[in-house]
Amino acid sequence: MAFLADALSRVKPSATIAVSQKARDLKAKGRDVIGLGAGEPDFDTPENIKKAAIDAINRGETKYPPVSGIPQLREAIAKKFKRENNLDYTPAQTIVGTGGKQILFNAFMATLNPGDEVIITAPYWVSYPEMVAICGGTSVIIKASQENNFKVTAADLEKAITPKTKWFLFNSPSNPSGAAYSHDELKALTDVLVKHEHVWVLTDDMYEHLTYGDFKFVSPAEVEPKLYNRTLTMNGVSKAYAMTGWRIGYAAGPLELIKAMDMIQGQQTSGACTIAQWASVEALNGPQDFIPQNKKIFEGRRDLVVSMLNQAKGIVCPSPEGAFYVYPSCAGLIGKTAPSGKVMETDEDFVTELLETEGVAVVHGSAFGLGPNFRISYAASEEQLEEACKRIQRFCANCK
């Protein structure tokens, strides 16, 4: 009898974590490596948020918290949804988890039975289908084309829905593509979902505050109030507030689902770190003026990276509406010979050769369900990004 669970055979390790670790390993050996694999802002957590955590420690806020979150944070979450998304939730309809991952995982654990289907659009965040698999569900992948700016259409969604569909998992702005859906684009999707009353919506709004130009972010239940009673709206403090290591995600939705997720979390991790929760209260309730400042910096980085990558031989890089990623195509290099002499047959070959030859760590697109592409996180300094893009240009020029 095998010791490990059968479920593990359905799950792959995280490609983004693997790339970051490989970059760290090469750096430890003395290699000059620029790591652009991690989805993590390079800004420090704002001082007022750090001070709130220190104050919480000094007040002795170091005991076990309630499973679903401290009341002050759940209140702040409800106010945030009303203030920014025009969504009315009571604090009892909210839940706090150890990062957005736990929120998603608990929602799937609470709702999926064997055979239940979850519609996921590709390119997708690497963890989505793996979570569905662990929880016994089946992922149904809709592939979005680069020609359509990595967005799916209403017709794509309609075609994917079956009687077994339990969730439509929606992420805008997208990790990995940075694609963001306008009000009209999202309304076309919600019009389809309204017709299929058995389908719930799990929306990952983690990059809500990182959209560029005149783009206006909207969330599904905001666009279509008829979906309110079957939508779980997930968000967190990681990206906009530069709090990745604080590990706080949150969500709001129907009370019955929140209670089920609370029960699972109560037997799993219990409440998230109390000190991080107090810091998150300050993040949501405190000054927000640094967010547009950081956005402006990200936007400049995006423009730099898109411009330089489009000057690299064999690379085509669309300009995304949000997040801090670009998702260029390397189709023009597939079948070419890298400087090492290896023929690159896949996007994974491309990123491996790029790392070995030029010391630039990026993530292959096939890990996100759509290639031949690769993901670059431009959450790094302009100097690093410019140097990385020069190396990519040089690598591409030397492929035959």
Check whether any side-chain heavy atom of Leu284 sits under 4.5 Å from a side-chain heavy atom of Leu73, and report yes or no. yes
By the definition side-chain contact (heavy atoms from CB on, under 4.5 Å), identify the one residue from Val132, Thr165, Ile161 that meets it with Glu117. Thr165
Are Arg394 and Glu358 within salt-bridge range, i.e. N to O under 4.0 Å? yes
After noting the C-alpha distance and the side-chain angles of Tyr241 and Gln288, does the key distance pass the side-chain hydrogen bond (donor to acceptor under 3.5 Å, both in side chains) rule? CA-CA 9 Å; Tyr241 298 95; Gln288 309 288 304; 2.6 Å; yes
Are side-chain heavy atoms of Leu227 and Val194 found at a separation under 4.5 Å? yes
The test is side chain to side chain contact (heavy atoms under 4.5 Å, CB included); show your working for Ile392 and Ile376 and say whether it passes. CA-CA 11 Å; Ile392 293 170; Ile376 284 181; 3.8 Å; yes
Is it the case that atom CD in Glu197 sees more than 12 heavy atoms from other parts of the structure closer than 6.0 Å? no
Taking the six-membered ring for Trp, are the ring centroids of Tyr89 and Tyr228 within less than 6.0 Å of each other? yes
Give the C-alpha distance, both sets of side-chain angles, the deciding distance and a yes or no for side chain to side chain contact (heavy atoms under 4.5 Å, CB included) between Arg247 and Cys273. CA-CA 8 Å; Arg247 307 307 302 129; Cys273 170; over 6 Å; no
Distance, nearest 0.5 Å, that separates NZ of Lys27 from CZ of Arg24: 9.0 Å
Flag yes if Leu186 and Val199 sit in one hydrophobic cluster, no otherwise; membership is Ile, Leu, Val, Met, Phe, Trp, Tyr, and two members link when side-chain heavy atoms are under 4.5 Å apart. yes
Step by step, work out the side-chain hydrogen bond (donor to acceptor under 3.5 Å, both in side chains) result for Lys80 and Asn285. CA-CA 8 Å; Lys80 174 260 183 277; Asn285 288 345; over 6 Å; no
Is it true that, when you exclude Lys296 itself, more than 12 heavy atoms of the residues, nucleotides or ligands shown sit nearer than 6.0 Å to its NZ? no
Using only atom types and a distance under 3.5 Å, with no angle test, would you say the side chain of His198 pairs donor to acceptor with the backbone of Thr162? yes
Under 6.0 Å from the CG atom of Asp6, do we count more than 12 heavy atoms belonging to anything else shown? no
Just how far is it from atom OG of Ser177 to atom CD of Glu321, taken to the nearest 0.5 Å? 8.0 Å
With the 4.5 Å side-chain cut-off for hydrophobic clustering, are Tyr124 and Ile142 part of the same group? no
Are the side chain of Asp347 and the backbone of Phe374 linked by a donor-acceptor contact shorter than 3.5 Å? no
Arg31 and Glu356: side chain to side chain contact (heavy atoms under 4.5 Å, CB included), yes or no, with the steps? CA-CA 10 Å; Arg31 283 287 303 276; Glu356 296 292 345; 4.2 Å; yes
Please confirm whether the backbone N or O of Ala179 pairs with a side-chain atom of Ser174, one donor and one acceptor, at under 3.5 Å? no
Any donor-acceptor pair under 3.5 Å linking the side chain of Arg375 with the backbone of Gly37? yes
Backbone N/O of Thr94 and side chain of Arg74: donor-acceptor pair under 3.5 Å: yes
State, with a plain yes or no, whether a side-chain heavy atom of Tyr128 is found less than 4.5 Å away from one of Ser139. no
Heavy-atom closest contact (Ala180 atom, Lys151 atom, distance): O-NZ, 2.9 Å
Show the numbers, then the answer: is there a ring-ring contact (aromatic ring centres under 6.0 Å, His included) between Phe290 and Phe43? CA-CA 11 Å; Phe290 63 91; Phe43 306 123; 9.3 Å; no
Crowding at NZ, Lys82 (>12 non-hydrogen neighbours, <6.0 Å): yes
Charged N-O contact under 4.0 Å between Lys51 and Asp55: yes
Starting from Leu355, can I reach Phe350 by hopping between I/L/V/M/F/W/Y residues whose side chains sit under 4.5 Å apart? no
Non-hydrogen side-chain atoms of Lys101 and Phe105 separated by less than 4.5 Å: no
Between Tyr181 and the options Phe217, Phe215, Phe170, the ring pair (Phe, Tyr, Trp, His ring centres under 6.0 Å) test singles out Phe170
Between Lys195 and Glu158, is a side chain to side chain contact (heavy atoms under 4.5 Å, CB included) present by the stated rule, with each step listed? CA-CA 10 Å; Lys195 294 187 293 182; Glu158 182 75 63; 3.1 Å; yes
With heavy-atom distances below 4.5 Å as the criterion, would you say the side chains of Asp42 and Arg301 are in contact? yes
Measuring only between side-chain heavy atoms, which start at C-beta, is Glu208 closer than 4.5 Å to Ser172? no
Is there side-chain contact between Thr121 and Phe168, with at least one heavy-atom pair below 4.5 Å? yes
Gln384 (side chain) donor-acceptor with Ile34 (main chain) under 3.5 angstrom: no
Can Ser366 and Glu348 be said to form a side-chain hydrogen bond (donor to acceptor under 3.5 Å, both in side chains), step by step? CA-CA 7 Å; Ser366 52; Glu348 189 167 6; 4.9 Å; no
Start with the C-alpha distance between Ser329 and Gln146, add both sets of side-chain angles, then the distance that settles side-chain hydrogen bond (donor to acceptor under 3.5 Å, both in side chains), and finish with yes or no. CA-CA 8 Å; Ser329 167; Gln146 186 160 313; 4.5 Å; no
Counting N and O atoms only, with roles assigned by atom type, does the side chain of Lys239 sit under 3.5 Å from a partner on the main chain of Leu210, one being a donor and the other an acceptor? no
Asn48 side chain reached by Pro287 side chain, heavy atoms, under 4.5 Å: yes
Is the count of non-hydrogen atoms from other residues, nucleotides or ligands lying under 6.0 Å from Lys336 atom NZ greater than 12? no
Going by atom types alone, do Asp205 and Ser219 pair a side-chain donor with an acceptor below 3.5 Å? yes
Indicate if Ile95 and Val201 have the same hydrophobic cluster label, given that clusters are the connected sets of ILVMFWY residues with side-chain heavy-atom separations under 4.5 angstrom. no
Distance-minimising heavy-atom pair for Pro220 and Thr203: CD-OG1, 3.5 Å
Looking at Asn171 and Asp204, would you say the former's side chain and the latter's main chain have a donor-acceptor pair under 3.5 Å? yes
Mark yes or no for whether Thr45, through its side chain, and Ala242, through its backbone, hold a donor-acceptor pair below 3.5 Å. yes
Could you tell me whether the side chain of Ser307 and the main chain of Asp303 form a donor-acceptor pair under 3.5 Å? no
Using 30° and 60° as the class boundaries, would you call the ring planes of Tyr378 and Tyr212 parallel, tilted or perpendicular? tilted
Do Ile70 and Ile103 belong together in a cluster built from hydrophobic side chains that touch within less than 4.5 Å? no
For the rings on Tyr325 and Tyr207, is their centre-to-centre separation under 6.0 Å? yes
